[in-house]
Amino acid sequence: MRIATLAIAFCLAASQTSAQTATPPLPGATSGMAAVAQIEQAARDANAGRYVEAEAGFAGAWPALIGSLGWNSEVTLQFGDLYFISLLAQKKDAEAAALVIQLLDGARTLYGPDDSRTLTLASRTGVLLRRMGRVAEAEVLFRDVLAARRRVLGNADRETLNAAFNLAGALNDAGRHRDAEVLYREAWTGRRALLGETHDQTLAAANQLAISLDDLGRPTEALELLTLVYEARARVKGPDDRSTLLAGGNLATTLGSAGRLRDAEALQRRVLDGFRRTLGDADPATLQSTANLAVILGNLGRSGEAARLQRQVVAAWTAQKGPEAVQALNAITNLAGILLDLDQFAEAERLAREAWTVRIRGQGPDHPATLSTMNTLAVALSGLGRKAEAATLLREVMAAQAATLGADHPMTLLTGGNLAPTLLDIGQPAEAEALARRVWQTRLRLEGADSPGTLHAAANLASMLMVMGRDAEAELIYADVVRRGRALAGSGPPPSNLILHASSLGLARMRLNRPDVAYEAYRFAMTASLARYADSGASGSSQSARAGQLRDRSAFVGVVTAGWSWAHQP
């Protein structure tokens, strides 16, 4: 960096000779030759990993540098890169984004929009914006980069495949899973041909393609790919390598979404044991694996055990990072969600409100994580009977998500799915039905008829129609949901929501005075619930945990059995 510094020295020294006409420096800023020394030292600090000192040095000298050289200078871009890295290392994403957007404009002017250096900087900018939740802006950048790479390098070049992979990620975040699938598949196929089956980038593309397939309701294809990734990682790097364990965690999550919950639990426990053995109990990967296991246990109906695990995650992140760290807030919000399943609405409301308040202060009111926490808070309020408050909050969340993420984003649709029945509860049936239908039709268009999100949205509408006394319409929707859900579940234990949908189908048919077909729906629900909970035992659970699980299962099976008996009576 010495040649660049000499160029700065010349320019800044020259700028001092015309100090009478120059704009006064900003408060605390450095000018002239002092700025040269300060930037040199900041560069040394950044290269040595002393990012706090580097940031302070760059910030002090930056106005003088820009005033002398402007943004479209090679010197500015070189030192700006180190300044950017220093901000990122301290997780100052907002400041880093403001800086790199200016640097990108300078690179476009200096090098041209299709120059490799400009495109590399555009990709880095897009990655940061995507991480910040600014997905629409990231998508624009990634599209420009991919178009330029195709134009200059062709479709098979490694940089083109990287650009396709990045754009796929932004599309996936925006809920456009079908478009993402096409690009992820292009990246995976191209990397296989160029880099080989077991290259890290090939496996990364296969992993992300599998996640998109799972989001589209195609768990069988997803499982094939994730099994391939997991086995390749284990073969090349060993069973306890971090990348192998991460792949195992992804496979376990998808096994859960495919209804193979016992297999999911067993694999996730092996992954968690591996992380504990190699990285320790407090490592971030171990904590994430613990949280993933909690989700699987919740889906198995063992919400009490899930809550205990999630409390451990909350305590660990709070001890490591403090109660206001993003990791702790994520864990607290997840715990609040589990407590909703346990009908512990008061504690869920308290936790969600605390996390929401901190997120507003630290991440901003419109950050995706802030809005997600606000959604959880609203559901807790609804559970406490405070329906009007819940509806007001959900309206605010949905409007903000539509503005920042897009009206068709999965998080926006999730909020709409929560708002619709809440509107029905407060006496606004027309708006409630219209919103529920819009959510369902949007998911149908974006994800297909068989995706879990589409089926959930359809069942949500059917449930509302039954409340409104429109049993015939509800029966048709529930019948389709159950038929598709059974096909997706295959031979594995059906997920609990499918069992409940089948039970609701039986109720709708009984109310329509069709006990013969109601009996069939209830019989499936009862048989599936018994099989599911026979398959969900935890041999390692404590006696009290097993007792709690038994109560949960008995209550669940009891509801279904009561419906079956009603339909079966003469």
Side-chain angles (χ1 to χ4, degrees), residues 1 3-5 7-12 15 22-32 34-36 38-43 45-47 51-148 163 166 170 363-364 366-367 404:
M1 299 296 281
I3 294 176
T5 304
I8 289 182
F10 178 83
C11 294
L12 293 180
S15 71
T23 302
L26 297 173
T30 308
S31 61
V36 176
Q38 192 166 347
I39 283 200
E40 265 196 313
Q41 182 58 49
D45 287 334
N47 285 321
Y51 297 118
V52 175
E53 295 85 347
E55 183 206 346
F58 283 127
W62 204 251
L65 184 148
I66 297 302
S68 177
L69 301 178
W71 289 96
N72 58 332
S73 156
E74 188 144 4
V75 172
T76 302
L77 295 173
Q78 287 179 11
F79 283 109
D81 187 60
L82 290 174
Y83 191 3
F84 177 60
I85 290 170
S86 299
L87 291 168
L88 286 182
Q90 299 175 78
K91 303 192 184 308
K92 295 186 175 182
D93 288 354
E95 295 95 324
L99 172 67
V100 78
I101 287 170
Q102 293 271 37
L103 293 173
L104 179 57
D105 286 341
R108 285 171 174 154
T109 302
L110 179 64
Y111 303 132
D114 286 357
D115 186 89
S116 179
R117 290 163 292 186
T118 303
L119 297 175
T120 298
L121 187 58
S123 295
R124 294 173 66 191
T125 306
V127 169
L128 173 59
L129 292 175
R130 180 189 169 200
R131 190 174 77 202
M132 294 173 67
R134 294 164 61 176
V135 178
E137 296 169 80
E139 181 189 338
V140 171
L141 287 174
F142 289 145
R143 281 195 184 281
D144 289 345
V145 171
L146 178 57
N166 285 336
Q363 296 174 284
D366 291 336
H367 190 280
T404 56

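Each of Arg134, Arg131, Arg130 was scored for a salt bridge (Lys or Arg N to Asp or Glu O under 4.0 Å) with Asp93, with one residue passing: Arg131. None of Leu87, Leu88, Thr125 except one satisfies the side chain to side chain contact (heavy atoms under 4.5 Å, CB included) rule with Leu99; the exception is Leu87.
In this structure, Gln38 contributes its side chain and Gly57 its backbone to a donor-acceptor pair below 3.5 Å. At least one donor-acceptor pair under 3.5 Å links the side chain of Asn47 to the backbone N or O of Ala43. Under the 3.5 Å distance criterion, the side-chain polar atoms of Gln102 are left unmatched by any main-chain donor or acceptor of Ala98. With hydrogens and angles disregarded, no donor-acceptor distance shorter than 3.5 Å links the side chain of Ser73 to the backbone of Leu69. With Thr76 contributing its side chain and Asn72 its backbone, the two residues share no donor-acceptor pair below 3.5 Å. At least one donor-acceptor pair under 3.5 Å links the side chain of Thr118 to the backbone N or O of Gly112.
Remark: Leu104 CG to Thr120 OG1 distance equals 11.0 Å, nearest 0.5 Å. Here the straight-line distance linking atom CZ of Arg108 with atom CG of Asp114 works out to 10.5 Å at 0.5 Å rounding. The CG atom of Asp144 sits 10.5 Å away from the CD atom of Glu139 when rounded to the nearest 0.5 Å. Rounding to the nearest 0.5 angstrom, the gap separating the OH atom in Tyr51 from the NZ atom in Lys91 is 12.0 Å.
Counting only heavy atoms from C-beta outward, the side chains of Met132 and His367 never approach each other to under 4.5 Å. Taking 4.5 Å as the limit, some side-chain heavy atom of Leu121 sits within range of a side-chain heavy atom of Val100. Arg124 is listed as a side-chain neighbour of Phe84, based on a closest heavy-atom distance under 4.5 Å.
Counting all heavy atoms, side chain and backbone alike, Gly60 lies closest to Pro63 at O-CD, 3.8 Å. Across Trp71 and Trp62, no two heavy atoms sit closer than the pair CH2-NE1, 3.3 Å. Closest approach of Ala54 and Ala42 over heavy atoms only: CB-O, 3.5 Å. Summarising the geometry of Gly126 relative to Leu141, their closest heavy-atom pair is N-CD1, 3.8 Å, with the distance given to 0.1 Å. Annotation for Ala122 and Val145: closest pair CB-CG2, 3.6 Å, computed over non-hydrogen atoms. When every heavy atom of Ala97 is checked against every heavy atom of Leu129, the shortest pair comes out as CB-CD2, 4.2 Å.
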Practice task
Check the pair Leu65 / Phe58 against side-chain contact (heavy atoms from CB on, under 4.5 Å), numbers first and verdict last.
Solution key: CA-CA 9 Å; Leu65 184 148; Phe58 283 127; over 6 Å; no
